[in-house]
Protein chains: 2
Amino acid sequence: MAYKLWYWPTIQGRGEFIRLPLEAAEIPYADCAREQGADALVEEMKRRDETGQGPFAPPFLGIDGTGIAQVANILMFLGERHQLAPSGMADRYWLHQLQLTIADIVAEVHNVHHPLAMMDYYEDQRPEAARAAQQFRDERTPKFLRHFEQAANANVGDCLIGNRWTYADCSLFQLVEGLRYMFPRRMKTLEPDYPALIHLHDCVAELPALAAYLKSDRRLPFNEQGIFRHYPELDGE
Amino acid sequence: MAYKLWYWPTIQGRGEFIRLPLEAAEIPYADCAREQGADALVEEMKRRDETGQGPFAPPFLGIDGTGIAQVANILMFLGERHQLAPSGMADRYWLHQLQLTIADIVAEVHNVHHPLAMMDYYEDQRPEAARAAQQFRDERTPKFLRHFEQAANANVGDCLIGNRWTYADCSLFQLVEGLRYMFPRRMKTLEPDYPALIHLHDCVAELPALAAYLKSDRRLPFNEQGIFRHYPELDGE
């Protein structure tokens, strides 16, 4: 039975980190809220909430009547079930550790646009976002990218572990794409320092099923309602 | 061989989420930086960094020459190895999902005190922290606590799953403790709405080994360098 992916229908957001490995591995799934609308997602959240074991927030994956939430958790599940992760214990924990560090930078990206109040609009906290963006751009981004560069360099292959892409390779691809959209000028300066990470990104982009997905209309464009947003005033070299 | 826990020596911080289940289950560990100082932690970070598979940040757990980082990842490892988590697949993912949601609120707690620049001092962003605290206190805290209340209610026992405490029970104990320290007035208002969560907290507090730990000098007091901080000006009913 195809997985039921539930996520907001008009943004890449955190849902994209789930879509990418599903697409790259050609695992059948329904992108439910894109088919049925955001109201259906809200209804599904309510229904699951009443069980006491619902998700705190999207995305979540419906599996045979039950469900699983939190991006890194869903990815670990898909990794185990579809061989999108190594089977050795040490490698599994290392990969999950990396994925959780990717989750950390994604949360910091969200904070850049919502420093004061995560539920309020960017437009209501612009001066504060400018200050938040500066430290994120100048200090946090290189610190995280350096970490992922070292991770990419720790393996001789074109991917994080062994010689096959994993769910975390897909997430690093998305992180680079997102940061390029968010901070094109800053990324132009930074990218030459992280050749192994960029090579890993390029290898993921060339996976045939993923390349087809990226060209399809299933791949939503980045926009200013998602996690990675482009406000030129927040970018800088 | 005893685990080597590495974390900042003067705060509970994220390290406390690891200390608690180690203490509650009486698993031998060395709290390395408390024995050797913060400089030793920085040195250990550098040494691991050079392997390409080091931690992005503390805490991390040294295990037989290798290591594992990210709180939820370390807890999953300890849960599997020491039966501090259920063995069934669905329960394992559910518990990890909850733990990642606890990580989310802990990150939001950090943001309250560092809304503009996570590496800068609270004192340099006080007016902004006041605005951040308001939404966190009024909207986010009840939303998260309600979620954990439902999780506690979904099991008939005095814990999250089955009839024995798990690593996530320990984390919910710590979350309640931390929020009480951070927002005593707000928590006084909120707690009556979450009886199952408070009951779970109390059951963890009464675990004999944990009760002994909490009374020992190994339990650091909360303070204004940690994650949960008490600034009276940020509290409110």
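Throughout, protein chains are lettered first and strands after them, A, B, ... in sequence-line order, and every chain is numbered starting at 1. Predicted, not measured: the structure shown is a model, and the values here were computed from it.
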J.: Quick check for you: among Gln135(B), Arg140(B), Gln150(B), Gln134(B), which has the greatest number of heavy-atom pairs under 4.5 Å with chain A?
T.: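 Looking at each option in turn, the highest pair count goes to Gln135(B).
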
J.: Using the rule given for side chain to side chain donor-acceptor pair (under 3.5 Å), can you reason through Gln99(B) versus Asn73(A), listing the C-alpha separation, both sets of side-chain angles and the distance that settles it, and then say yes or no?
T.: CA-CA 10 Å; Gln99(B) 189 65 45; Asn73(A) 199 36; over 6 Å; no

J.: Using a 4.5 angstrom heavy-atom cutoff, name the option from Asn153(B), Asn111(B), Thr66(B) with the most pairs to chain A.
T.: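 Sorted descending by pairs with chain A, the first entry is Asn111(B).
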
J.: For Asn155(A), is it the side chain, the backbone, both or neither that has a heavy atom under 4.5 Å from a heavy atom of chain B?
T.: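 For Asn155(A), there is no contact with chain B at all, as no heavy atom is under 4.5 Å.
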
J.: Which atom pair, heavy atoms only, marks the closest approach of Gly52(B) to Ala154(A)?
T.: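 Residues Gly52(B) and Ala154(A), closest heavy atoms: O-CB, 3.9 Å.
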
J.: Other residues, nucleotides and ligands only: do more than 12 of their heavy atoms fall within 6.0 Å of CD on Glu233(A)?
T.: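 Yes - once you tally the heavy atoms of other residues, nucleotides and ligands closer than 6.0 Å, there are more than 12.
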
J.: Specify which of Glu139(A), His114(A), Lys143(A) makes the most heavy-atom pairs with chain B at under 4.5 Å.
T.: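 The answer is Lys143(A).
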
J.: To the nearest 0.5 angstrom, please state how far the CE atom of Met76(B) sits from the NE2 atom of His96(A).
T.: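 Taking CE in Met76(B) and NE2 in His96(A), the distance rounds to 4.0 Å.
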
J.: Return the option, out of Ala69(B), Ala103(B), Ala132(B), with the maximum number of heavy-atom pairs under 4.5 Å with chain A.
T.: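 The residue among Ala69(B), Ala103(B), Ala132(B) with the greatest pair count is Ala69(B).
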
J.: Relative to chain A, which of Arg131(B), Gln53(B), Glu128(B) shows the most heavy atom pairs under 4.5 Å?
T.: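 The option with the most such pairs is Gln53(B).
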
J.: Using a strict cut-off of less than 4.0 Å between a Lys/Arg side-chain nitrogen and an Asp/Glu carboxylate oxygen, indicate whether Asp49(B) and Arg146(A) qualify as a salt bridge.
T.: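 Salt bridge present between Asp49(B) and Arg146(A).
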
J.: Taking everything shown except Arg185(A) itself, do over 12 heavy atoms lie less than 6.0 Å from its CZ?
T.: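 Result for CZ/Arg185(A): enclosed.
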
J.: Top residue by heavy-atom pair count (under 4.5 Å) with chain A, among Ala90(B), Pro55(B), Ala107(B)?
T.: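 Answer, by heavy-atom pair count under 4.5 Å with chain A: Pro55(B).
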
J.: Against chain A, work out which of Glu80(B), Glu108(B), Gln125(B), Glu149(B) has the most heavy-atom pairs shorter than 4.5 Å and name it.
T.: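 Top count of heavy-atom pairs under 4.5 Å with chain A: Glu80(B).
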
J.: Run the numbers on Leu100(A) and Val71(B) for side-chain contact (heavy atoms from CB on, under 4.5 Å), then give the verdict.
T.: CA-CA 9 Å; Leu100(A) 292 172; Val71(B) 169; over 6 Å; no

J.: Parallel, tilted or perpendicular: which fits the ring planes of Phe56(B) and His147(A), with parallel below 30° and perpendicular above 60°?
T.: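 The rings of Phe56(B) and His147(A) stand perpendicular, inter-plane angle above 60°.
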
J.: So does Gln70(B) get a backbone contact from the side chain of Gln97(A), meaning a donor-acceptor N/O pair under 3.5 Å?
T.: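 No: the side chain of Gln97(A) does not pair with the backbone of Gln70(B).
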
J.: Measure Phe136(B) against the heavy atoms of chain A and call it side chain, backbone, both or neither at under 4.5 Å.
T.: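 Neither the backbone nor the side chain of Phe136(B) comes within 4.5 Å of chain A.
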
J.: Measure the CE-CD1 distance between Met89(A) and Ile68(B) for me, rounded to the nearest 0.5 Å.
T.: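 That separation rounds to 8.0 Å.
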
